[in-house]
Asker: 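What follows is a structure written as structure tokens; I'll ask about it next.
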Number of protein chains: 2
Amino acid sequence: MATTIRDVARAAGVSQATVSRALSMPELVRADTRARVEAAARELGYRPNRAARGLITGRTGNLGLIVPDLANPFFASVVKGVQAAARAADHSVFIADTDEEAGAEVDLSRALSKQVDGLILCSPRAPDEELAAVGSDTTVVLMNRMAGERPSVTVDNADGMRQALEHLVALGHRRIAFVAGPRTSWSNAQRETGLRGTAEAGGVDLVHLGHFPPQFEGGVAAADLAVASGATAVIGYNDLVALGLLSRLGARGIPVPDAISVVGCDDIGMSAMNHPALTTVSVPKRSAGRATVGLLLSMLDAGAEAGPVHRELPTQLIVRDTTTVAPVSPTKGSTR
Amino acid sequence: MATTIRDVARAAGVSQATVSRALSMPELVRADTRARVEAAARELGYRPNRAARGLITGRTGNLGLIVPDLANPFFASVVKGVQAAARAADHSVFIADTDEEAGAEVDLSRALSKQVDGLILCSPRAPDEELAAVGSDTTVVLMNRMAGERPSVTVDNADGMRQALEHLVALGHRRIAFVAGPRTSWSNAQRETGLRGTAEAGGVDLVHLGHFPPQFEGGVAAADLAVASGATAVIGYNDLVALGLLSRLGARGIPVPDAISVVGCDDIGMSAMNHPALTTVSVPKRSAGRATVGLLLSMLDAGAEAGPVHRELPTQLIVRDTTTVAPVSPTKGSTR
DNA sequence: ATGAAAGCGCTAACAG
DNA sequence: CTGTTAGCGCTTTCAT
């Protein structure tokens with residue numbers, strides 16, 4: 001068995017309580033006693049059992065994080081941010097991947113709720129009502145999603161889309177397609193809203209292309225529709241989709257951006273590496289992860305309710321190779 | 001406060017012990033009692049506190065997973081596999097990302113060791129001696145790395161490299177460069193070994209290119225060296241590196257595979273999506289994750305030592321666009 | 001088949 | 001400043 005607080009107490013010739021104090025509230029114990037305890041602890045390689053401590057303090061020192069798909073670089077970055085921030089605050093993080101299945105979100109939340117101080121639901125797909133059911137056992141913070149009064153950290157999706165659209169309009173595009181992501185994705189809704197508002201104001205024809213999976217394959221599948229729509233530019237729900245678009249356009253021999261411009265969203269690493277490099281809306285993934293942990297931890301420290309909180313992080317358009325002035329002849333003409 | 005076993009006991013009119021039994025060893029309690037308990041538990045939404053249970057059973061139901069870099073799609077896949085297998089076995093998983101920093105591996109291991117039944121160290125960079133120090137508190141399994149007698153799950157890196165090299169040789173390549181990954185990476189060593197063995201047997205000039213970070217940037221940085229080496233084909237430590245090679249070669253206007261062939265390793269999603277699609281050695285990432293969890297769990301169930309165990313999974317070359325017959329004129333000639 | 005009681009490792013009053 | 005005592009929520013003898 002691993003060494004317990006009793007072993008240390010015995011070795012240092014003090015009581016368990018003193019060991020506990022010496023280690024967690026050092027100022028409450030005399031210097032020489034503390035020294036003795038610390039020496040004994042070090043010698044025995046003592047590491048307190050956090051689970052046992054949690055049983056009594058009510059704080060486990062653990063956070064839970066639930067994401068739709070770790071294979072999506074967007075979420076991988078978020079996880080990195082969360083994990084780093086948690087570690088800095090001396091917390092550990094449970095990770096769970098729902099595989100884009102909304103039902104699993106609630107199940108996994110429940111499974112984790114008892115072992116964590118707080119739970120971060122990242123881009124949850126479940127409807128508001130189901131989400132509301134989560135969190136009787138633990139503090140819950142939403143990330144990249146808002147629902148009711150739930151505390152949350154989001155990014156300004158609508159503004160990002162505004163920037164993208166205005167950029168395209170400035171280049172002369174007047175008919176622009178949007179390849180929508182998951183129907184149940186909150187950020188997809190936000191992006192559509194931002195797009196619609198800006199399009200109306202700018203007198204732009206906005207073509208809405210069905211809902212596609214937020215992956216490379218989704219973009220591949222959507223590309224032909226985008227071309228057929230007569231749009232001179234197409235915005236993908238996210239970078240993966242935009243990359244899929246580029247791939248399929250390339251395969252058809254449709255030059256980007258000469259025949260059609262393409263814009264993504266998220267700014268995952270791949271976008272800059274792609275050739276041509278993808279114009280995209282940069283989303284502060286790591287920072288959002290860190291901010292969410294910060295919010296969660298501050299709520300926990302505040303003890304009771306601090307009321308509903310919401311933080312929104314800015315987004316920023318990054319112009320790269322895939323956008324340029326609108327082609328003079330309609331896109332259709334350039335297909336073979 | 002959340003509902004405890006006492007609440008259920010009270011509601012069902014039985015003792016805590018009976019509730020405990022009814023829930024974890026149903027056959028030891030009369031059917032009608034069990035029904036009453038189950039009803040009460042459901043009604044109150046009772047979920048046992050695993051930490052408390054762990055305190056007495058010694059099993060927490062948690063696994064820990066430490067990886068060098070979540071942003072690397074290779075590890076993201078591994079995590080997905082691990083998480084899925086753990087969930088299937090009703091376990092939760094702690095994730096920790098070391099940011100490719102070897103020192104953090106040991107620290108994080110220690111931090112987690114008390115809260116988990118077992119720890120998976122994926123591709124740890126720390127030297128054997130340091131690794132040996134980990135695991136007095138918990139069961140440790142290595143993944144994608146071997147060290148001493150430690151149980152481990154690996155993939156057949158050497159054979160993968162053999163396949164890649166033989167493929168290139170069959171195409172007529174006789175001078176082939178390898179862009180090495182991290183100096184402290186075990187799989188890098190394996191890959192070099194496999195390459196060297198096959199090269200000697202096949203009479204191939206193998207050019208070893210310094211150590212580069214296992215990322216896109218590493219490949220970008222290595223590309224010019226590869227070209228200057230006069231090799232007609234270059235193998236990247238992993239796909240990220242290979243993709244970086246492709247990018248830089250493209251930027252210099254060196255046609256792939258016409259002037260030089262490129263091969264990667266891992267088969268991350270991106271490789272197939274890239275244009276040209278990358279020839280690579282497929283590594284069973286998800287399966288390896290699952291297998292590691294399986295091994296770990298079986299060790300835990302076996303109770304005592306089951307002796308050293310090692311499982312090796314096969315790798316498979318996937319031929320795509322970036323390899324072809326060796327150019328007749330040396331690569332150098334095609335640079336401008 | 002069930003209950004009473006002890007105790008996992010730790011912290012939090014409460015004395016002294 | 002330090003020791004004693006009482007539990008956190010749960011499982012497990014040991015009785016019955």
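Excluded from the calculations below are hydrogen atoms, water molecules and symmetry mates; all remaining heavy atoms, backbone and side chain alike, are included. Protein chains get the first letters and strands the later ones, always in sequence-line order, with residue 1 at the start of each.
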Asker: The side chain of Ile56(A) is closest to which nucleotide in this list: dA4(C), dG7(D), dG9(D)?
Answerer: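 The answer is dG7(D), which lies nearest to the side chain.
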Asker: Is Asp97(B) paired with Arg87(A) through a side-chain N to carboxylate O contact shorter than 4.0 Å?
Answerer: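 Salt bridge between Arg87(A) and Asp97(B), a charged N being under 4.0 Å from a carboxylate O: no.
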Asker: I'd like to know if Asp128(B) pairs up with Arg150(B) as an ion pair, taking the criterion as any Lys NZ or Arg NE/NH1/NH2 lying under 4.0 Å from an Asp or Glu carboxylate oxygen.
Answerer: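 Here Asp128(B) does not pair with Arg150(B) in a salt bridge, since their nearest N and O are not under 4.0 Å apart.
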Asker: Nearest whole angstrom, please: distance from the P of dC8(C) to the CG of Leu55(B).
Answerer: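 The distance from CG of Leu55(B) to P of dC8(C) comes to 9 Å, rounded to the nearest Å.
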Asker: Which whole-number value in Å describes the distance from Gln16(B) CD to dT11(D) C1'?
Answerer: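 Distance, rounded to whole Å: 10 Å.
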Asker: Should we count CZ of Arg59(A) as having more than 12 external heavy atoms under 6.0 Å?
Answerer: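 More than 12 heavy atoms, drawn from other residues, nucleotides or ligands, come within 6.0 Å of this atom.
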Asker: What integer distance in Å separates Arg6(B):CZ from dA5(C):P?
Answerer: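 After rounding, the reported distance stands at 13 Å.
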Asker: Reckon Thr4(A) has a side-chain N or O less than 4.0 Å from the OP1 or OP2 of dG9(C)?
Answerer: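 The answer is no; no side-chain N or O of Thr4(A) sits under 4.0 Å from OP1 or OP2.
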Asker: Measure from CG on Leu28(A) to P on dG3(D) and round the result to the nearest Å.
Answerer: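 It works out to 14 Å between those atoms.
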Asker: Please state how far atom CD1 in Ile5(B) lies from atom C1' in dA4(C), giving the value in whole angstrom units.
Answerer: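 The answer, rounded to whole Å, is 14 Å.
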Asker: Could you give the CE-to-C1' distance, from Met25(B) to dT13(D), as a whole number of Å?
Answerer: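 For the pair Met25(B) CE and dT13(D) C1', the rounded distance is 12 Å.
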Asker: Distance check: side-chain N/O of Ser20(B) vs OP1/OP2 of dT11(D), anything under 4.0 Å?
Answerer: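 For dT11(D), OP1 or OP2 has a side-chain N or O of Ser20(B) closer than 4.0 Å.
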Asker: Whole angstroms only, please: what is the CZ-P distance between Arg10(A) and dG3(D)?
Answerer: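 Computing the Arg10(A):CZ to dG3(D):P distance gives 14 Å.
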Asker: Here's a test of your reading of the structure: between Lys114(B) and Val29(B), which maps to the more 5' nucleotide of DNA chain C?
Answerer: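 Taking each residue's closest nucleotide, the earlier one in sequence belongs to Val29(B).
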Asker: Can you tell me if the side-chain N/O atoms of Thr33(B) get under 4.0 Å from OP1 or OP2 in dT2(C)?
Answerer: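 The answer is yes; a side-chain N or O of Thr33(B) sits under 4.0 Å from OP1 or OP2.
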Asker: Does OP1 or OP2 of dA1(C) have a side-chain N or O of Arg30(B) closer than 4.0 Å?
Answerer: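 Answer is no, no contact under 4.0 Å.
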Asker: Rounding to a whole Å, what distance do you find between Arg21(B):CZ and dC14(D):P?
Answerer: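 In whole Å, dC14(D) P and Arg21(B) CZ are 14 Å from each other.
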Asker: OP1, OP2 of dG3(D) versus side-chain N and O of Ser15(A): anything below 4.0 Å?
Answerer: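 Checking Ser15(A) against dG3(D): at least one side-chain N or O falls below 4.0 Å of OP1 or OP2.
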Asker: When you check the gap from the basic side-chain N to the acidic O, do Asp137(A) and Arg110(A) get nearer than 4.0 Å?
Answerer: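 Not counted as a salt bridge, because no side-chain N and carboxylate O are separated by less than 4.0 Å.
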Asker: Any base atoms under 4.0 Å from Arg50(A), or only sugar-phosphate, or nothing? Heavy atoms, all strands.
Answerer: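 The answer is nothing, as Arg50(A) stays clear of every strand by at least 4.0 Å.
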Asker: State, with a plain yes or no, whether a side-chain heavy atom of Val293(B) is found less than 4.5 Å away from one of Leu63(B).
Answerer: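 Counting from C-beta outward, Val293(B) and Leu63(B) do come under 4.5 Å.
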Asker: Thr57(A) has a side chain; which of dC10(C), dT12(D), dT11(C) sits nearest to it?
Answerer: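 Nearest to the side-chain atoms of Thr57(A), counting from C-beta on, is dT11(C).
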